[in-house]
Every structure is written in C-alpha cells, then in structure tokens.
Amino acid sequence: MKLEELNLPIHTYNILKRANINDTETLVQFSAEQIPMIRNGRQSDAKAVIHALAAHGLLLSSTGKPNFKGSTKNPVPREEFLKRDRTCYAERFPEPACSELKARRLLHLRDFTQVTQNYLFTIPGMNAGFIHEVIEAMRDSEMEFAEQKSKIR
C-alpha cells in the first residue's frame with residue numbers, strides 16, 4: 001500500500017518520503033523507536049504512524065529495521081543551528097514577498113523569532129502558503145515566534 005493511502009499528517013508524510021519510505025511494506029520494517037530517529041522525526045510522528053497503520057490492520061516491527069542508525073546527518077543543537085544559518089531565507093519567496101521580507105530585515109529563519117505569526121499576514125505578497133512554509137520551517141528547527149502581547153484595556 002502506498003504511503004499516501006495512510007492519510008498521515010503532512011510533516012510525518014514528508015519525513016518518511018525524504019527517507020525514501022514510499023510504502024507500508026517498507027514502513028512496517030521500522031520500530032516505533034526508530035521513527036523519531038529519521039531526520040526531522042519527532043515522537044508525534046511515531047504516534048501518527050502507529051495510529052494510521054492500526055487503522056489498516058498493520059503494526060510496526062517490534063525489533064526494528066536492522067542496521068538502521070537514524071539520520072546520516074547528526075541533529076544540530078539549536079544554538080549551533082542559529083550560528084550556522086547564513087543563507088538568506090527570504091530569497092525562497094517570489095517578489096514582492098522577498099523584497100518586503102528583506103526590507104523588514106527578516107533575512108534568516110532565526111529573524112522570524114522576533115515577530116509574531118500575525119505579523120506575517122501584514123507583509124504584502126505573503127500568502128497563506130508562504131506563511132505555512134515559514135511556520136513549518138520554524139517548527140522543524142525547534143524555533144518559536146515571539147509571543148503575542150495581549151492588549152491592556
């Protein structure tokens with residue numbers, strides 16, 4: 001059965017596809033402990049996989065896939081990631097969103113930690129798809145937006 005038929009959450013589906021896990025025959029060879037070891041994998045991904053497989057009468061392996069040592073790329077601590085992030089994240093987006101992000105000095109992913117999610121909706125050219133991409137990238141990098149300040153009346 002193809003992975004698409006499991007109706008997994010987008011993040012879970014994407015990490016499995018990037019790891020070249022394209023069908024349930026391959027997926028069931030992994031254990032629940034190995035799913036979070038896939039690059040950008042989380043414990044919630046393992047739970048989503050378990051529930052999706054159970055809905056189709058399938059189970060993950062109890063022993064796990066032999067010789068699987070997790071991602072080939074070691075996870076980077078958040079502080080080190082922030083130091084290494086030198087690519088201009090704003091350039092991923094088409095005009096006018098790119099120039100607006102640059103004008104507002106939102107050049108790198110770490111710069112988005114200084115603004116709220118609602119602020120992104122005020123930027124011309126930033127549609128819901130672009131904002132969702134930023135939110136997913138922040139979540140994958142374990143970063144958070146600035147907290148929304150409540151108004152005092």
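Quantities reported herein were computed from a predicted structural model and do not represent experimental measurements. Just so it is clear, the values below take in all heavy atoms, side chains as well, and ignore hydrogens, waters and symmetry mates.
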*List the atom of T122, the atom of Y119, and the distance in Å for their closest heavy-atom pair.*
OG1-O, 2.6 Å
*Is there any salt bridge (Lys or Arg N to Asp or Glu O under 4.0 Å) pair reaching into residues 9-21, and which pairs are they, with sequence neighbours excluded?*
E4-K17
*Point-to-point distance, once rounded to the nearest 0.5 Å, from CG of L53 to CZ of F30*: 12.0 Å
*Are any non-hydrogen side-chain atoms of T26 and L3 less than 4.5 angstrom apart?*
no
_For the CZ atom of F130 and the CZ atom of F121, what is their distance to the nearest 0.5 Å?_
13.0 Å
_Quick check for you: to the nearest 0.5 Å, what is the distance between I15 atom CD1 and I35 atom CD1?_
7.0 Å
*Nearest-0.5 Å distance that lies between atom CG in D23 and atom NZ in K2*: 9.0 Å
*Report yes if the side chains of L107 and L101 come closer than 4.5 Å at any heavy-atom pair, otherwise no.*
no
*Got Q114 and L106 here, is their nearest side-chain heavy-atom distance under 4.5 Å?*
no
*Check whether any side-chain heavy atom of P36 sits under 4.5 Å from a side-chain heavy atom of R42, and report yes or no.*
no
*Beyond-backbone contact of Q117 with I131, side-chain heavy atoms, under 4.5 angstrom*: no
*Could you state the interatomic distance from OG1 (T12) to CG (N7), rounded to the nearest 0.5 Å?*
12.0 Å
_If I compare all heavy atoms of A19 with all of I38, which pair ends up nearest, and what's the gap?_
CB-CG2, 3.7 Å
*Who passes salt bridge (Lys or Arg N to Asp or Glu O under 4.0 Å) against R104, sequence neighbours left out?*
E100
*Do M1 and L6 have side chains that get closer than 4.5 Å, going by heavy atoms?*
yes
*Not counting sequence neighbours, which residues clear ring-ring contact (aromatic ring centres under 6.0 Å, His included) with Y13? List them please.*
none
*Do you know the tightest heavy-atom contact between V49 and L27?*
CG1-CD2, 3.8 Å
*Rounded to the nearest 0.5 Å, what's the gap from CG on N127 to CG on L120? Could you check?*
11.5 Å
*Where is the tightest heavy-atom contact between Q29 and S61, given as atom of each residue plus distance?*
O-CB, 3.5 Å
*Only counting residues at least two apart or in another chain, list the ones meeting side-chain hydrogen bond (donor to acceptor under 3.5 Å, both in side chains) with S44.*
none
*Could I get the full list of salt bridge (Lys or Arg N to Asp or Glu O under 4.0 Å) partners for E136, not counting sequence neighbours?*
R139
*Would you please name every residue forming a side chain to side chain contact (heavy atoms under 4.5 Å, CB included) with E33, sequence neighbours left out?*
S31
